[in-house]
Amino acid sequence: EDCVETINLWIEENGAILNNLVSRKILANIDMDDKTKAALKLRLKEGDIPFKRHRVDKFRVLFYKQGDPDEEYKKAYG
């Protein structure tokens, strides 16, 4: 729960982020066991979260708060 809120606050302050960068950029200082990581991954993939998801390609999902996901991706990653 706290990790999801940490991600949400980061998105509010910094904008959209790709799922494959969440661990490195946002959660790097949080020590999690494998069970906790798996639960977080499942929640980000399928669960109730306070931000939106947009599949960018086969491997990446963009997490963002509002607006057009393609525009949010361009703002964040060019």
Side-chain angles (χ1 to χ4, degrees):
E1 188 66 33
D2 290 337
C3 291
V4 171
E5 185 56 29
T6 300
I7 296 166
N8 186 47
L9 291 172
W10 192 94
I11 293 170
E12 286 177 357
E13 292 175 11
N14 301 285
I17 188 163
L18 290 168
N19 64 320
N20 61 327
L21 299 176
V22 167
S23 293
R24 274 186 284 170
K25 285 192 160 191
I26 303 173
L27 303 177
N29 297 329
I30 298 174
D31 192 25
M32 288 188 276
D33 60 26
D34 290 341
K35 186 176 180 180
T36 304
K37 285 180 188 176
L40 176 61
K41 187 175 180 179
L42 183 64
R43 182 159 178 214
L44 291 175
K45 183 178 179 185
E46 303 174 353
D48 184 34
I49 54 176
F51 41 87
K52 298 177 183 180
R53 305 174 186 91
H54 173 70
R55 180 151 299 279
V56 176
D57 56 32
K58 185 176 178 180
F59 302 104
R60 299 177 300 158
V61 174
L62 184 74
F63 298 128
Y64 67 104
K65 290 298 280 186
Q66 60 188 358
D68 177 63
D70 294 325
E71 288 298 317
E72 292 300 312
Y73 178 85
K74 285 179 188 172
K75 276 194 251 178
Y77 300 103

Donor-acceptor list for residues 8-16 side chains, cut-off 3.5 Å, not counting sequence neighbours:
unit_1	atom_1	unit_2	atom_2	d
Asn8	OD1	Lys65	NZ	2.7
Asn14	ND2	Trp10	O	3.0

Considering residues at least two apart in sequence or located in another chain, which fulfil the salt bridge (Lys or Arg N to Asp or Glu O under 4.0 Å) criterion with Lys45?
none

Enter the distance from Arg55:CZ to Leu62:CG here, rounded to the nearest 0.5 Å.
11.5 Å

So salt bridge (charged side-chain N to carboxylate O under 4.0 Å, His left out) across residues 21-41, not counting sequence neighbours, yields none

Where at least one partner belongs to residues 19-38, residue pairs that pass ring pair (Phe, Tyr, Trp, His ring centres under 6.0 Å), sequence neighbours excluded
none

Would you please name every residue forming a side chain to side chain donor-acceptor pair (under 3.5 Å) with Tyr64, sequence neighbours left out?
none

Going by the ring pair (Phe, Tyr, Trp, His ring centres under 6.0 Å) test, which pairs reach into residues 19-51, not counting sequence neighbours?
Phe51-Phe63

Would you be so kind as to tabulate the donor-acceptor pairs closer than 3.5 Å made by side chains of residues 69-78, with sequence neighbours excluded?
unit_1	atom_1	unit_2	atom_2	d
Glu72	OE2	Lys75	NZ	3.0
Tyr73	OH	Arg60	NH1	3.3
Tyr77	OH	Leu18	N	3.1

According to ring pair (Phe, Tyr, Trp, His ring centres under 6.0 Å), does anything in residues 20-44 pair up with another residue at least two apart or in another chain? List the pairs.
none

Give the minimum heavy-atom separation between Met32 and Thr36, together with the two atoms involved.
SD-CG2, 3.8 Å

Check whether any side-chain heavy atom of Ile49 sits under 4.5 Å from a side-chain heavy atom of Ile7, and report yes or no.
no

Show every ring pair (Phe, Tyr, Trp, His ring centres under 6.0 Å) that has at least one partner inside residues 22-47, sequence neighbours left out.
none

Check the surroundings of atom CD in Gln66: do more than 12 heavy atoms from other residues, nucleotides or ligands lie under 6.0 Å from it?
no

Is the shortest heavy-atom distance from the side chain of Ile17 to the side chain of Ile26 under 4.5 Å?
yes

Compare all side-chain heavy atoms of Leu27 with those of Leu40 and state whether any distance is below 4.5 angstrom.
yes

